Amino acid sequence: MFRLERAPAPLWQRALVPVLAVLVTFILVSLVILGTGVDPLAVFREVLFEPLTSRSDRLEVLVQATPLLLTGVAVAVAFRGGYYNIGAEGQLYTGALAAALVGPRLGGVPAALSVAVMLAAGFFGGALWALTPALLKIRLKVDEVVTTLLLNSVMLFLISALLNGPWRDPVSGWPRSPAIAASAQFPGIIPRSRVHLGLLVALLAVALLGWVLRRTRFGLELRAVGLGADAARFMGVRVRRVVLISALVSGGVAGLAGVGEVAGVHTYLIGELSPGYGYTGIIVATFGGLSAPGILISGLFLALIDTGTLSASRTLGVPVYLGDVLEATLLLVTLAFLLLNRYRLRWAVKRPVG
Amino acid sequence: MELLIALLGGTLRISTPILLAALGETIIERAGILNLGIEGTLLLSAFSGFVVAQLSGSLWLGLGAAVLTGVLLGLLMGFLSVTLKLNQHVAGLGITLLASGLALYAFRLLYGGSSTPPALEGSFTQFQPLHGTPLGPLFRQYGLTYLALLLVPLTGWLLTRTAFGLRLRAVGENPEAADIAGVNVAAVRYRALALGGALMGLAGAFLSLAQLGAFAHGMVSGRGWVAIALVIFGHWQPSKVLGGALLFGFLQALQLRLQAEGVNLPYEALLALPYLVTILILALTGRNTAYPKALLKPYYREGA
């Protein structure tokens, strides 16, 4: 007989959670697809395998994964310390805004320096937008969820005001920022594809997250705070400082995602820069178990879903919003399955009595 | 004077969906649950109301469908946050993402990718009690607007004067004590979520069945988040929430009027104002913010 015991789950069981979550997600979403009158298996084949069969689609997955890996890392840094930053979307746009402000002024500056300035500006911008909620949290215990969430809308209004005001192209009337200088554009890193330098930045961010969490004192302190601020304080951790740093780094990394989209994809800022990468980052981080290797896999997986639903919408006529439904269901199902980690599944042999 | 009355009439109309949603969120938060599913609930109920009204030809069936959608999403939030005791932030946000995704998915499926939103043949009409008098434009409102205003004292009465309201607040402030007093904490929270969800459903119905008479992708555009802000702004009290909703509606009505008059003004500044004011209030009241004390805390029975 299997028995559930209340104890931390062993590693093999933890590895089972994402597998089960994906299975249940696909079963649940099958019901939605059946209502569409399309064969769910055909849809899933198109979503999960079709993009892997062609070179251009495989590389497109990497383009999609770039902002998702960055927002995933951003969310994980904060969530690990028990700081629920829901503001990655706004911080992403702040980073993009910084890049759009700095970018056009970098004409004639060497490319390497330009790119470094762009990244620094974006990181700084995102961190700046994350500063107020973090200070309110550590100074006044104001719940960060509401403040970070509301600031998303404020940043979108600010960018909308710029796009429809000073930035509106006087000739074409297009609401977009002036193009960034050629030297500030992220170079492609794979020939004949849209994959850009941002992917390397994203991979580096994932690697750094893993290193910091596992190998540094700060990572240890961050995890301690996440497990319980009071206990961490008792152990001598300067909780406020840890929360502040993780909140700012979280905002900064989200800002980098915005820089990548401006400098690597569009070369200017538009209102539709992000279809919600900041929110999807929460799914990436949660499904990835807030760990670096997990985020790498889950970021690529969600990018695959995004790319695959696009191709499924072309070939099978399934609405492209299937991707949103899949990802949101995956988030909720993963959350539920994570509960299993509090239990340990054991094979209990019945002993004869007496 | 005429201008002011027209402006106030617009204020009431614009305030309605936000007021309904904020009252729903107030009820839920007073029971100790932060429901970030609100934004998606508004969109999905606006959509389901629209679809049912169009297919059945009955606005009232549409209204019922919208309310039912709100209730069901509220119960889903209950399952996640009360039964499974998941993190309320992430669960609520997940519901918003899921409900929005479902609405847009089904909309695309039923109506294709047409850029012009399909409209209802007839939407709810406005009452015109004082038609012809100077106050006419002020009272020319949808029935749902009158209902929303009526729901302000009703919600206040429910929360403070009824046995259910007493239990609801007890569960939101001190679930341990409520449990000891024999209150079924989970059942009360589920009911609060269903009731609040119903109000959010009304808000969604107002958008698609009254105000717009159609469904469009961006029709909610952050109204749920404004409602979240208003609940804090209104200190979790229906009458103060009404004040905030009217203030917000007035700013928007003013902005629309100024835009129509061709006044060049970054109207986004007015739209961002309620968010900034809410954050300012949180900063000023700080530790003394009158949060329901058990907000965000799942209830674990001792020893369970």
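Computed from a predicted structure; not experimentally measured. Excluded from the calculations below are hydrogen atoms, water molecules and symmetry mates; all remaining heavy atoms, backbone and side chain alike, are included. Each chain gets a letter, A, B and so on, in the order the sequences are listed, and its residues count up from 1.
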Residue pair [X] / [Y]: nearest heavy atoms and the distance that separates them:
{"X": "B:Gly94", "Y": "A:Ala328", "result": "O-CB, 4.0 Å"}
{"X": "B:Tyr105", "Y": "A:Val318", "result": "OH-CG1, 3.5 Å"}
{"X": "B:Leu84", "Y": "A:Ala336", "result": "CD1-CB, 3.8 Å"}
{"X": "B:Gly101", "Y": "A:Tyr321", "result": "O-CB, 4.0 Å"}

Nearest 0.5 angstrom please: [X] [atom1] to [Y] [atom2], how far?
{"X": "A:Leu150", "Y": "B:Leu282", "atom1": "CG", "atom2": "CG", "value": "8.0 Å"}
{"X": "A:Ser160", "Y": "B:Tyr267", "atom1": "OG", "atom2": "OH", "value": "4.5 Å"}
{"X": "B:Trp225", "Y": "A:Ser153", "atom1": "CH2", "atom2": "OG", "value": "8.0 Å"}
{"X": "B:Ile95", "Y": "A:Leu331", "atom1": "CD1", "atom2": "CG", "value": "10.0 Å"}
{"X": "B:His89", "Y": "A:Thr148", "atom1": "NE2", "atom2": "OG1", "value": "8.5 Å"}
{"X": "A:Phe157", "Y": "B:Leu276", "atom1": "CZ", "atom2": "CG", "value": "10.0 Å"}

Checking [X] against chain B: side chain, backbone, both or neither under 4.5 Å from a heavy atom?
{"X": "A:Leu322", "value": "both"}
{"X": "A:Leu338", "value": "neither"}
{"X": "A:Val145", "value": "side chain"}
{"X": "A:Asp143", "value": "both"}

Pick whichever of [options] has the most heavy-atom pairs under 4.5 Å with chain A.
{"options": "B:Ile232, B:Leu86, B:Leu97", "answer": "B:Leu86"}
{"options": "B:Leu104, B:Leu98, B:Leu102, B:Leu273", "answer": "B:Leu104"}
{"options": "B:Leu34, B:Val90, B:Leu93", "answer": "B:Val90"}
{"options": "B:Thr278, B:Asn87, B:Leu295, B:Leu80", "answer": "B:Asn87"}

Among [options], which residue forms the greatest number of heavy-atom pairs with chain B at distances under 4.5 Å?
{"options": "A:Thr147, A:Thr36, A:Leu330", "answer": "A:Thr36"}
{"options": "A:Leu158, A:Thr280, A:Leu339", "answer": "A:Leu339"}
{"options": "A:Val146, A:Ile282, A:Asp324", "answer": "A:Val146"}
{"options": "A:Leu335, A:Leu162, A:Val32", "answer": "A:Leu335"}

How about CZ on B:Phe79, more than 12 heavy atoms from neighbouring residues, nucleotides or ligands closer than 6.0 Å, or not?
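For B:Phe79, atom CZ is not crowded (no more than 12 foreign heavy atoms under 6.0 Å).
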Toward chain A, the part of B:Leu110 with a non-hydrogen atom under 4.5 Å
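Contact with chain A involves no heavy atom of B:Leu110 at all.
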